[in-house]
Amino acid sequence: MLLLGVASAVLVLARAEVPWAPAVAIVRGAAQLAAISLVLSGIIRSPLLIGAALLMMFSVAVVTAARRLGSVSTMALPVAVSMACGVLVTGSVVFGTGAVEFSPRYALAIGGIVIGNAMTIATISGRRFRELVADQWDEVEGWLALGASPRRATERLVRRAVSAALVPTVDQTKTTGLVTLPGAFVGAVFGGLSPLDAGRFQIVVLAAIMAAGSCTAVCLTQWLAPVATRPTTSAH
């Protein structure tokens, strides 16, 4: 409560547009974590229920990212396909190679982390692509006037959007251990693993996030690439 008070007071003094948003987010997050903790305590050993929980997480992530990119009706499919590509490819490598034991507990842990990060990267890459197209519409329109296909006209902007979407993940990975101690590492240590084993687990998690994010960003921006009219950038 004290930390919420600090955050809210600073934002109120700065006359931020939505000074209570962090407090509301923390309260909501705490309530959701309390609920999911009670639920998971009863399903953590059931593969079927774990699968249902992951599906619920994925569905909420898709709806959240789709809303940020426009309307759920138009963006849910591209976001879902792109995220599914990243999550499934990553999961196949992580568990298929034996890097992490394929058990309900680890499937839930890795799946939840990867889905959450894929959602964020989908939002950033999609919004950044649309912003770039809107800002540089004269260039895109010029390519179209010269006979280029809609996909070819936005090719350079797709690459920029993908790079921008991966910046937070790349920076987090590069500074792991120097600037931050990631949650998976800290949780594994507190759970009784040795620092070496926890570090190995964290590296796998970071690589999984990077792979899933790369697949998601590329798939989504390629899906959005054929643009024939100037997009609106007023996302919710």
What closest approach, in Å, do [X] and [Y] show between heavy atoms, and which atom pair accounts for it?
| X | Y | answer |
| --- | --- | --- |
| Ala107 | Phe95 | CA-CZ, 3.7 Å |
| Leu220 | Met75 | CD1-CE, 4.5 Å |
| Arg128 | Ala164 | CG-CB, 3.8 Å |
| Pro22 | Pro19 | CD-O, 3.6 Å |
| Val162 | Ala217 | CG2-O, 3.9 Å |
| Gly112 | Leu54 | N-CD2, 4.0 Å |

Leu146, CG atom: more than 12 neighbouring heavy atoms under 6.0 Å: yes
Are there over 12 heavy-atom neighbours, none belonging to Tyr106, within less than 6.0 Å of that residue's OH? no
Between atom [atom1] of [X] and atom [atom2] of [Y], what is the distance when rounded to the nearest 0.5 Å?
| X | Y | atom1 | atom2 | result |
| --- | --- | --- | --- | --- |
| Met210 | Thr173 | CE | OG1 | 3.5 Å |
| Leu166 | Ser125 | CG | OG | 8.0 Å |
| Met119 | Ser82 | CE | OG | 14.5 Å |
| Ile115 | Ile110 | CD1 | CD1 | 11.5 Å |
| Asn117 | Leu206 | CG | CG | 9.0 Å |

Do [X] and [Y] land in one hydrophobic cluster if side-chain heavy atoms of ILVMFWY residues count as linked below 4.5 Å?
| X | Y | value |
| --- | --- | --- |
| Val81 | Ile121 | no |
| Leu11 | Leu4 | no |
| Ile26 | Met1 | yes |
| Met57 | Ile50 | yes |
| Phe102 | Val205 | yes |

Donor-acceptor pair between Thr74 and Ser71 side chains, under 3.5 angstrom: yes
Not counting sequence neighbours, list each pair that qualifies as a side chain to side chain donor-acceptor pair (under 3.5 Å) and has a residue in [range].
| range | value |
| --- | --- |
| residues 6-30 | Arg28-Gln32 |
| residues 207-225 | Arg151-Gln222 |
| residues 152-161 | Gln136-Arg156, Glu139-Arg156, Arg152-Glu155 |

According to side-chain contact (heavy atoms from CB on, under 4.5 Å), who are the partners of Pro168, at least two apart in sequence or on a separate chain?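 Partners of Pro168 under the side-chain contact (heavy atoms from CB on, under 4.5 Å) test: Ile124.
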Give me each pair satisfying ring-ring contact (aromatic ring centres under 6.0 Å, His included) with a member in residues 52-71, each pair once, sequence neighbours excluded.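 Found none.
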Would you say the side chain of Val63 lies within less than 4.5 Å of the side chain of Arg67, judging by non-hydrogen atoms?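 Sidechains of Val63 and Arg67: in contact.
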Is there a donor-acceptor pair closer than 3.5 Å between any side-chain N or O of Arg200 and the backbone N or O of Ala99? yes
What pairs of donor and acceptor atoms, side-chain ones from residues 87-94 against any protein atom, are under 3.5 angstrom apart with sequence neighbours left out?
unit_1, atom_1, unit_2, atom_2, d
Thr90, OG1, Gly86, O, 2.7
Thr90, OG1, Ala212, N, 3.2
Ser92, OG, Leu88, O, 2.8

